[in-house]
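Both counts, for ligands and for their atoms, begin at 1 and track the order of listing.
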Amino acid sequence: MERSLVLVKPDGVQRGLVGEVIARLEKRGLLLVGAKFMQVSRELAEEHYAIHKGKPFYEGLIAYITSSPVMAMAWEGPSAIAAIRQTMGATRPLEAAPGTIRHDFALEVGRNLTHASDSPENGLNETALWFKNDELTSWKRATDPWIFEG
Ligand code: IDP
Ligand code: MG
């Protein structure tokens, strides 16, 4: 099982797409283990996007992610990292495959609606950055054996 941080970023919240994102991940079979609706501080934004510091879009990215509340979630599943990034689509919406969230609802890279972790290691690190231990729930879903083969 892998774990990913998922954010519905401020544009997704403002546009009423929180439910759409959750519905797609739920229907895919991924398991929700944590969620909170929150305003992102500059400090958290800088830590989360530290890898992008110095890039031309960095200041705009920090302004974007702190501009309005986000829906922060932790999702689990087998190969959750690849599955969730596939459901989100490519970073640039015009390169995202039809049927993905970024294809279906976005046009510009700086307003691409969602964040998802890009490796199992970052999935654990990012969920630890955004959630306290007691904000994550370990649970068995009744349908797990019908979705998870192992
Ligand atoms: P990802 O969100 O698909 O993992 P990253 O390359 O990690 O993509 O970039 C993080 C976020 O930074 C993107 O989702 C997007 O919002 C923003 N971003 C990336 N590249 C650009 C750019 O060239 N211009 C504006 N924003 C960008
Ligand atoms: Mg990324």
Check this for me - ligand 1, Tyr49, N or O atoms closer than 3.5 angstrom, yes or no?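 No, there is no polar N/O contact under 3.5 Å.
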Consider every N or O of Asn112 and every N or O of ligand 1, then say whether any pair is closer than 3.5 Å.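 Yes.
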Just heavy atoms, cut-off under 4.0 Å: does Arg111 contact ligand 1 by side chain, backbone, both, or neither?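 Looking at Arg111 and ligand 1, no heavy atom falls under 4.0 Å.
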side-chain contact (heavy atoms from CB on, under 4.5 Å) between Leu61 and Lys55: does it pass, once the steps are laid out? CA-CA 10 Å; Leu61 179 57; Lys55 294 184 185 168; over 6 Å; no
Heavy atoms, side chains only, cut-off 4.5 Å: are Lys9 and Asn112 in contact?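 Contact flag for Lys9/Asn112 side chains = yes.
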Side chains of Val8 and Met73: closer than 4.5 Å at any heavy-atom pair?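 A side-chain contact under 4.5 Å exists here.
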Could you check whether any heavy atom of Glu108 sits closer than 4.0 Å to an atom of ligand 1, since that is the contact criterion I want to use?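 Glu108 does not count as a contact of ligand 1 under the 4.0 Å cut-off.
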Is the closest heavy-atom distance from Val109 to ligand 1 below 4.0 Å?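 So Val109 counts as touching ligand 1.
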Please tabulate, one pair per line, all N/O donor-acceptor pairs under 3.5 Å involving side-chain atoms of residues 16-30, not counting sequence neighbours.
from	atom 1	to	atom 2	distance (Å)
Glu20	OE2	Arg24	NE	2.8
Glu20	OE2	Arg24	NH2	3.4
Arg24	NH1	Gly99	O	2.9
Arg24	NH2	Asp104	OD2	3.1
Arg28	NH1	Ala83	O	2.8
Arg28	NH1	Gln86	OE1	3.1
Arg28	NH1	Thr87	OG1	3.1
Arg28	NH2	Gln86	OE1	2.7

Do the ring planes of Trp130 and His48 sit parallel (below 30°), tilted (30 to 60°) or perpendicular (above 60°)?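 Correct class here is perpendicular.
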Provide, to 0.1 Å, the distance between [atom] and the closest protein heavy atom, together with that atom's residue and name.
atom                    : answer
atom 17 (C) of ligand 1 : Leu61 CD1, 3.8 Å
atom 10 (C) of ligand 1 : His52 NE2, 3.5 Å
atom 2 (O) of ligand 1  : Arg102 NH2, 3.3 Å

May I ask you to list the atoms of ligand 1 that are less than 4.0 angstrom from any heavy atom of Thr91?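 It comes down to these atoms of ligand 1: 1 (P), 3 (O), 8 (O), 13 (C).
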Nearest heavy atom to atom 4 (O) of ligand 1 wins, so pick from Arg92, Lys55, His48, Arg85.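 Looking at heavy atoms only, the winner is Arg85.
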Side-chain donor or acceptor of Arg85 paired with backbone N/O of Ala116 under 3.5 Å: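 At least one qualifying donor-acceptor pair exists.
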Do side-chain atoms of Thr100 reach the backbone of His103 as a donor and acceptor pair under 3.5 angstrom?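 Side chain of Thr100 to backbone of His103: a pair is present.
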